[in-house]
Each structure stands twice: as structure tokens, then as C-alpha cells.
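Take a look at the structure below.
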Amino acid sequence: MPDKDFFEKVFWIVRQIPYGKVSTYGHIGEAIGLKSSARMVGWALNSVAGDLSIPCHRVVNRNGELTGKRYFATPDMMREMLEAEGIEFIGEHVNMEKHLWVPSIKE
DNA sequence: CCGCTGACCCTAG
DNA sequence: ACTAGGGCCAGCG
């Protein structure tokens with residue numbers, strides 16, 4: 001991964017999340033080099049909330065919970081989008097066992 | 001420069 | 001499943 005701004009790195013990773021998969025703030029943070037700063041990842045996404053070129057709905061916390069749903073147009077939108085991609089839910093959280101995608105670091 | 005804030009994460013109880 | 005505390009990095013007033 002080329003050396004870019006923090007935001008660029010986050011977007012670069014998030015855009016690589018395949019259809020029907022989800023990733024976590026922690027893994028993304030690790031992928032861009034900020035091992036213990038998963039907060040920054042969500043923060044970066046917040047700055048581009050509404051940008052359809054970035055599938056921010058595929059990013060959840062380590063527990064599979066949709067922590068960012070409140071930043072969407074409606075609280076239900078995030079889940080609707082994920083279910084539309086075939087992602088399974090267990091109660092209020094995503095079935096991580098089945099849909100977790102770990103970002104791979106490559107140029 | 002200081003202090004607060006945050007779409008998180010870990011550990012402990 | 002719950003709460004509480006500490007750490008984390010970047011922006012902003």
C-alpha cells in the first residue's frame with residue numbers, strides 16, 4: 001500500500017471489501033498501520049458519510065454490531081443494505097463467522 | 001500548547 | 001450480557 005494520508009488509506013481498504021462481506025475497524029486500523037486506533041477508521045468514514053463510492057455499511061465493530069448505523073440517513077438503512085447483499089444477522093449483530101473479510105495488504 | 005471528543009478495543013469483575 | 005477503566009491518534013476551539 002502506498003504511503004498516503006490517513007483518510008486515503010482507510011478509503012483504499014474499505015473500497016476493497018467485496019460484495020456480501022464485512023470488515024472491522026480493528027482490522028482496517030491494523031492494515032493501515034495504526035494498530036490500536038480503530039476509532040480513527042470510523043472517524044474517517046464519518047467524514048465521507050453519504051459518499052456512495054465507499055461502502056461504509058460493510059464496516060462493523062469487532063463484535064459484529066452496527067455501531068455506525070446512526071450516521072446513516074435512517075438507523076435501519078445500514079442493516080437493510082447488508083441484508084440486501086445476503087449478509088446474515090444473528091439478532092442485532094452480523095454473522096461474523098460467515099461474512100468476516102480481513103483486508104490484505106498488497107501494493 | 002492544552003484539553004476535549006470520537007462509527008473502537010482490550011481486560012477485568 | 002452488563003459496566004468500568006485505560007489506551008489509542010487526529011482534528012478542532
Side-chain angles (χ1 to χ4, degrees):
Chain A
M1 170 170 60
D3 253 357
K4 293 189 175 179
D5 293 334
F6 173 75
F7 294 117
E8 304 266 338
K9 291 183 179 179
V10 174
F11 307 153
W12 181 78
I13 296 289
V14 174
R15 271 196 295 260
Q16 292 186 57
I17 303 177
Y19 183 95
K21 292 288 183 179
V22 297
S23 194
T24 72
Y25 302 98
H27 279 129
I28 295 173
E30 220 176 300
I32 65 179
L34 301 177
K35 301 170 186 175
S36 307
S37 297
R39 296 179 154 199
M40 304 296 96
V41 178
W43 179 49
L45 292 178
N46 184 31
S47 72
V48 288
D51 190 331
L52 300 178
S53 67
I54 300 179
C56 42
H57 58 280
R58 298 191 190 134
V59 184
V60 299
N61 69 0
R62 199 127 187 90
N63 203 31
E65 196 178 342
L66 308 185
T67 51
K69 64 180 179 181
R70 75 194 212 87
Y71 289 89
F72 284 76
T74 67
D76 303 300
M77 196 168 102
M78 190 170 184
R79 174 158 182 170
E80 304 261 337
M81 293 174 80
L82 291 172
E83 289 184 321
E85 298 188 358
I87 292 176
E88 293 179 12
F89 277 74
I90 303 175
E92 291 299 306
H93 50 75
V94 175
N95 185 339
M96 299 299 277
E97 307 263 324
K98 187 168 184 177
H99 302 290
L100 177 61
W101 176 83
V102 180
S104 56
I105 305 185
K106 51 185 178 182
E107 298 293 320

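Source: prediction; values computed, not measured. So you know, we letter chains A, B, ... as the sequences are listed, proteins then strands, and number each from 1.
Put simply, CD on A:Glu30 is 11 Å from P on B:dC9, counting in whole angstrom units. Following rounding to the nearest Å, A:Met96 (CE) and B:dC8 (P) show an atom-to-atom distance of 13 Å. Rounded to an integer number of Å, the gap from A:Asn46 CG to B:dC8 P is 11 Å. Residue A:Ile90 contributes atom CD1, which lies 10 Å from atom P of C:dA1 at whole-angstrom precision.
By the salt bridge (charged side-chain N to carboxylate O under 4.0 Å, His left out) test, A:Glu85 is found to be paired with A:Arg58, residues two or more places apart in sequence or in another chain being considered. A:Glu8 pairs by the side-chain hydrogen bond (donor to acceptor under 3.5 Å, both in side chains) definition with nothing, not counting sequence neighbours. Every side-chain hydrogen bond (donor to acceptor under 3.5 Å, both in side chains) that A:Asn95 has, sequence neighbours left out, goes to A:Glu88. Partners of A:Met77 under the side chain to side chain contact (heavy atoms under 4.5 Å, CB included) rule, at least two apart in sequence or in another chain, are A:Phe72, A:Ala73, A:Thr74, A:Met81.
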Show me, pair by pair, the donor-acceptor contacts under 3.5 angstrom made by side chains of residues 37-51 of chain A, not counting sequence neighbours?
residue : atom : partner : partner atom : Å
A:Ser47 : OG   : A:Ala44 : O            : 2.5
A:Asp51 : OD1  : A:Ser53 : N            : 3.0
A:Asp51 : OD1  : A:Ser53 : OG           : 2.6

List the atom pairs, donor and acceptor, that lie under 3.5 Å between side-chain atoms in residues 20-27 of chain A and the rest of the protein, sequence neighbours left out.
residue : atom : partner  : partner atom : Å
A:Lys21 : NZ   : A:Lys98  : O            : 3.4
A:Ser23 : OG   : A:Trp101 : O            : 3.0
A:Thr24 : OG1  : A:His27  : N            : 3.2
A:Thr24 : OG1  : A:His27  : ND1          : 3.0
A:Thr24 : OG1  : A:Arg62  : NH1          : 3.4
A:Tyr25 : OH   : A:Val59  : O            : 3.4
A:Tyr25 : OH   : A:Thr67  : OG1          : 3.4
A:His27 : ND1  : A:Arg62  : NH1          : 3.1
A:His27 : NE2  : A:Arg62  : NH2          : 3.4

5' to 3', nucleotides 7-13 of chain C under a 4.0 Å protein heavy-atom cut-off (B base, S sugar-phosphate only, - none) gives BBBSS--
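Under a hydrophobic-cluster definition in which Ile, Leu, Val, Met, Phe, Trp and Tyr are linked whenever side-chain heavy atoms come within less than 4.5 Å, directly or via other members, A:Val60 and A:Ile87 are assigned to the same cluster. No continuous path of hydrophobic side-chain contacts links A:Val102 to A:Ile17 [ILVMFWY only; heavy atoms under 4.5 Å].
A heavy atom closer than 4.0 Å to some atom of DNA chain B occurs in A:Asn61, A:Arg62, A:Thr67, these being the qualifying members of residues 59-67 of chain A.
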